[in-house]
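See structure below.
The figures that follow rest on heavy atoms only: side chains count, while hydrogens, waters and symmetry mates do not. Small disclaimer: the values here were computed from a predicted structure and weren't measured.
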There are 2 protein chains.
Amino acid sequence: MLPVEPVLAHLDLDFDQAVERLRDLLRIRSVSTDPAYKGETRQAAQWLADQLTGMGFEASLRDTPGHPMVVAHHPGPSGSTGPHVLYYGHYDVQPPEPLELWNSPPFEPTIVDARHGKRIVARGAVDDKGQVMTFIEAFRAWHAVHGTLPGRITVLLEGEEETGSPNLVPFLEANREELAADICVVTDTNSWNIETPAITYMLRGMLYLEVTLHGPSHDLHSGMYGGAVLNPINALTRILAQIHDDQGRVQFPGFYDDVQPLSDAEREQWRGLGFDEAGFLGGVGLKTPRGEEGWSSLERIWARPTCDINGIWGGYTGAGSKTVIAAEASAKFSCRLVAGQDPKKILAGIKEFLDARTPPDARWDIKTFGNSPAIKVPVDSPHLQRTMAGLADIYGKPPVLVGSGGSIPVVGYIQRILGFDSILVGFGLEDDLIHSPNEKFELKCYRNGIRSHAAILARMAEG
Amino acid sequence: MLPVEPVLAHLDLDFDQAVERLRDLLRIRSVSTDPAYKGETRQAAQWLADQLTGMGFEASLRDTPGHPMVVAHHPGPSGSTGPHVLYYGHYDVQPPEPLELWNSPPFEPTIVDARHGKRIVARGAVDDKGQVMTFIEAFRAWHAVHGTLPGRITVLLEGEEETGSPNLVPFLEANREELAADICVVTDTNSWNIETPAITYMLRGMLYLEVTLHGPSHDLHSGMYGGAVLNPINALTRILAQIHDDQGRVQFPGFYDDVQPLSDAEREQWRGLGFDEAGFLGGVGLKTPRGEEGWSSLERIWARPTCDINGIWGGYTGAGSKTVIAAEASAKFSCRLVAGQDPKKILAGIKEFLDARTPPDARWDIKTFGNSPAIKVPVDSPHLQRTMAGLADIYGKPPVLVGSGGSIPVVGYIQRILGFDSILVGFGLEDDLIHSPNEKFELKCYRNGIRSHAAILARMAEG
């Protein structure tokens with residue numbers, strides 16, 4: 001077993017250089033959504049491939065119809081018996097606009113002093129370049145000290161996560177054999193706080209619909225027809241209003257049938273997290289929790305399925321007044337799903353719900369965008385246990401196991417197409433301002449992240 | 001008493017010229033909404049003033065901040081004892097777009113043969129130039145035959161009816177004395193059918209609101225917050241859904257308190273009208289009547305107050321999906337009011353309804369656009385009785401007395417500011433395509449309209 005302590009010592013001596021290398025990567029304007037940056041986006045991919053090549057990986061760019069993938073392999077030491085780990089990340093970043101709200105130029109990475117010590121401010125500082133560099137630098141240190149990595153590693157970095165990863169699924173399907181591994185590590189989530197690491201072991205799934213209710217053959221004058229005919233906006237609001245009962249329970253048939261219950265152990269652990277509900281609500285101008293009766297805010301977000309209307313439109317929406325009865329009305333709504341729920345069954349229940357409430361003479365158009373089940377990594381998974389140990393090695397305390405209200409689609413794709421789970425361990429903080437001006441990454445988090453990945457690599461190799 | 005028969009005989013001989021004069025007026029592109037036509041709009045006003053001057057009126061243009069008013073006075077014969085009648089109309093027209101759907105150029109009035117004989121096709125053919133010319137030509141014939149009109153007449157023509165009459169109320173208020181009369185005649189409605197005239201004696205009123213429900217301080221990510229916080233779109237739909245109960249009755253407090261009941265006589269008369277409900281619904285792609293339980297379609301439109309949502313919007317409405325919880329959601333809705341209802345009381349009831357349903361942490365913005373009570377002309381009004389007689393003289397049968405689901409704001413303004421009722425008698429047909437391409441006016445209706453106005457003038461003068 002190759003020891004981790006000299007690797008950690010090396011990392012400390014080399015940390016300032018690791019910061020400079022992150023700054024080099026951040027200067028490359030890899031904005032995936034804007035064709036003007038197509039060349040620099042590729043340049044960022046090449047930079048990472050070159051770094052990996054220098055650490056003993058076989059690394060190359062793989063072209064797609066969009067931005068290239070970076071794929072790299074390291075065989076690890078001969079006779080290695082630990083799991084083959086796939087590391088996933090993305091090298092593209094959000095656009096920086098609005099520029100006038102940045103305190104320093106978004107692609108001129110700037111070190112500033114703040115409440116946790118120094119931080120680096122740039123677009124991509126944490127999402128996702130800072131987080132990707134936590135494992136890249138861990139690899140580098142292992143290679144520098146031991147001439148190898150402690151286990152067999154594959155790296156997959158994409159350049160389109162910020163634009164919906166349009167080429168990821170075809171790439172995974174076409175390269176199943178090459179990307180085979182035992183476990184994936186995704187570094188795109190947050191710590192619990194700056195002192196306490198976290199592993200996100202539950203992600204909600206997603207089902208997204210757009211519905212249009214059609215009524216009269218064209219818009220009508222509400223004087224000539226009002227009170228005597230179907231009004232699709234009135235009808236749609238009456239139907240959407242029935243999605244929840246007065247206790248906040250979703251009324252789609254079968255919605256809760258397959259929901260995996262929350263264990264007492266999980267409920268207890270979450271209660272002990274000290275979640276600041278007043279701060280959570282107050283930060284968005286609210287005071288009153290609101291949702292499914294009988295569940296706490298954290299339970300509602302991490303462990304309960306939901307339905308939110310994301311958009312609604314119909315009729316006259318311009319200035320002033322127009323006395324129209326619109327021919328149609330539309331809404332987009334989405335369900336966050338939890339472990340156990342099958343998106344196809346939920347969709348069937350929603351269609352049954354809408355059918356049963358369709359007024360005479362009306363008809364629906366229904367489109368779905370997005371359809372992914374929830375993810376729950378078993379707590380007794382050996383990979384999760386080893387990751388917990390690696391984090392405890394660095395932080396001096398175990399990580400908290402947290403759920404997430406959101407969905408990370410790549411985790412579902414990897415499960416479905418490659419056939420293995422992902423461990424979600426990340427080093428961001430809630431106030432990092434991802435997708436906003438003045439995105440930052442605390443240097444304390446960067447350092448702890450690199451050290452944690454180095455330790456996790458060791459722990460994984462033990463198995 | 002000046003006899004009407006020679007006037008009618010003159011009208012028959014002169015009808016082809018009357019058609020040519022209508023065509024002259026229709027060629028002037030008096031599109032009030034478009035500044036490019038400002039000069040031609042004034043030209044149409046001047047044309048009408050000149051016509052009236054040639055018939056013994058004292059006529060002039062009165063400038064406003066927008067398009068001018070035409071005001072004309074004729075003293076009638078000396079010793080005249082009949083009522084002083086104010087005639088109202090508008091000389092502006094809707095824009096003609098979309099041009100490619102016209103079978104002939106919108107401002108090149110074209111005579112075509114169709115199922116009722118010849119018709120004239122042009123923008124403004126019926127709304128409102130054709131209808132205005134029915135009384136202008138009646139005046140002309142009276143003047144040509146008798147050298148005077150049979151009674152005292154004032155004419156008021158505005159140029160902004162299609163753009164909401166922004167200068168009408170100030171003009172009425174500033175010219176109350178000059179515009180004083182005993183009764184107004186408005187020719188802007190329809191006959192019952194081509195053989196049967198109609199007087200519209202009931203108009204619904206209007207109250208129009210725009211409401212916005214505010215919740216969180218900004219848009220939220222539905223993964224991070226969904227299921228745990230107020231969603232303003234969900235909340236707004238739940239509130240709007242409560243506007244009607246399952247029997248279609250509006251739930252605003254006090255909504256029906258002051259509604260004047262429908263008399264048995266009215267109910268019987270309307271039942272005898274032979275209203276074609278299947279055609280009414282079928283013409284807009286519907287089969288099933290829908291509204292307040294216990295009332296027929298005609299009763300619902302003419303005699304019952306209503307609430308329709310005219311527009312709704314909030315959240316993400318673009319292509320594809322965005323998992324947002326919107327910070328706010330909005331709707332425009334309007335109530336058609338009936339005789340007896342006070343718009344101010346109804347507005348107070350709506351605010352009470354919304355207040356009682358405001359979720360914790362939410363707040364409303366409420367705007368009102370438009371606020372006018374219903375109009376009901378007493379059936380025993382002598383002016384209405386004389387108008388009925390005039391129509392019977394020409395059509396050989398009495399007119400039907402009809403309600404209207406819509407509102408005609410000028411009728412309310414004249415009541416409120418000048419202090420007298422309006423008789424609504426018009427010669428349009430349901431299929432005239434007002435506000436649409438290929439707007440037309442049947443020459444049979446134009447002729448009957450001119451003759452009817454000539455007869456009504458005589459009947460009015462008898463009183």
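- In this structure, A:Gln260 places its CD atom where more than 12 heavy-atom neighbours from other residues, nucleotides or ligands lie under 6.0 Å away.
- By number of non-hydrogen pairs under 4.5 angstrom with chain B, the leading residue of A:Ala362, A:Gly405, A:Gly320 is A:Gly320.
- When B:Gly215, B:Ser217, B:Gly406 are compared by the number of non-hydrogen pairs under 4.5 Å with chain A, B:Ser217 comes out ahead.
- Under a 4.0 Å N-O distance rule, the pair B:Glu277/B:Lys287 does not qualify as a salt bridge.
- Neither the backbone nor the side chain of A:Phe333 comes within contact range of chain B; no heavy atom of the residue lies under 4.5 Å from a heavy atom of that chain.
- Summarising the geometry of A:Ala235 relative to A:Leu213, their closest heavy-atom pair is CB-CD2, 3.7 Å, with the distance given to 0.1 Å.
- Looking only at heavy-atom pairs under 4.5 Å with chain B, the residue among A:Val284, A:Leu281, A:Val324, A:Thr323 that has the most is A:Val284.
- When side chains are defined from C-beta on, A:Leu337 does not count as touching A:Met206, because their heavy atoms never get closer than 4.5 Å.
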(Q) With salt bridge (charged side-chain N to carboxylate O under 4.0 Å, His left out) as the criterion, how do B:Arg363 and B:Asp365 come out once you've worked through the C-alpha distance, each side chain's angles and the decisive distance to 0.1 Å? (A) CA-CA 7 Å; B:Arg363 64 170 183 85; B:Asp365 280 335; 3.4 Å; yes
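- Of the two parts of A:Pro359, the backbone and the side chain both hold a non-hydrogen atom closer than 4.5 Å to a non-hydrogen atom of chain B.
- With B:Trp295 as the aromatic partner, B:Arg300 does not meet the cation-pi criteria of under 6.0 angstrom to the ring centre and within 45 degrees of the ring axis.
- Contacts between B:Leu220 and chain A at a heavy-atom distance below 4.5 Å involve the side chain alone, from C-beta outward.
- When all heavy atoms of A:Leu240 and A:Ile312 are compared, the closest pair comes out as CD1-CD1, 3.8 Å.
- For the options B:Asn231, B:Ile301, B:Thr306, B:Asn234, heavy-atom pairs under 4.5 Å to chain A are most numerous at B:Asn234.
- Note: A:Ser321 leads A:Cys307, A:Ser297, A:Pro216, A:Ser321 in heavy-atom pairs under 4.5 Å with chain B.
- Counting heavy-atom pairs closer than 4.5 Å to chain B, the top-ranked of the candidates A:Val229, A:Ile309, A:Asp308 is A:Ile309.
- Looking at B:Tyr316, both its backbone and its side chain come within 4.5 Å of chain A, counting heavy atoms on both sides.
- Within the 4.5 Å cutoff, the side chain of A:Cys335 has heavy atoms near those of the A:Phe255 side chain.
- No other option in B:Gly285, B:Gly315, B:Ser334, B:Gly226 has as many heavy-atom pairs under 4.5 Å with chain A as B:Gly226.
- Heavy-atom pairs under 4.5 Å with chain A peak, among B:Leu230, B:Ile243, B:Leu298, at B:Leu230.
- Side-chain contact between B:Gln251 and B:Gln242 is absent, with no heavy-atom pair separated by less than 4.5 Å.
- Annotation: maximal heavy-atom pairing with chain A below 4.5 Å, among B:Ile239, B:Ile233, B:Ile325, B:Leu203, occurs at B:Ile233.
- Using a 4.5 Å cut-off between heavy atoms, A:His221 contacts chain B through its side chain alone, with no backbone atom that close.
- Interface remark: of the candidates B:Ser330, B:Pro289, B:Gly318, B:Gly283, B:Gly318 forms the most heavy-atom pairs closer than 4.5 Å to chain A.
- Interface residue B:Arg204: only side-chain heavy atoms are found under 4.5 Å from chain A.
- Note on A:Asp246 versus B:Arg238: salt bridge recorded, some NZ/NE/NH1/NH2 to OD/OE distance being below 4.0 Å.
- For B:Leu286, the parts lying near chain A are the backbone and the side chain together; criterion is any non-hydrogen pair under 4.5 Å.
- In this structure, chain B has no heavy atom under 4.5 Å from any part of A:Ser407.
- Between chain B and the options A:Glu210, A:His244, A:Glu292, heavy-atom pairs under 4.5 Å are most frequent for A:His244.
- Considering CH2 of A:Trp270 and CH2 of A:Trp302, their distance stands at 6.5 Å, rounded to 0.5 Å.
- Contact tally against chain B (heavy-atom pairs below 4.5 Å) for A:Val250, A:Leu236, A:Thr288: the top residue is A:Thr288.
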**Q.** side chain to side chain donor-acceptor pair (under 3.5 Å) between B:Thr358 and B:Trp364, intermediate numbers included
**A.** CA-CA 8 Å; B:Thr358 312; B:Trp364 295 98; 2.9 Å; yes
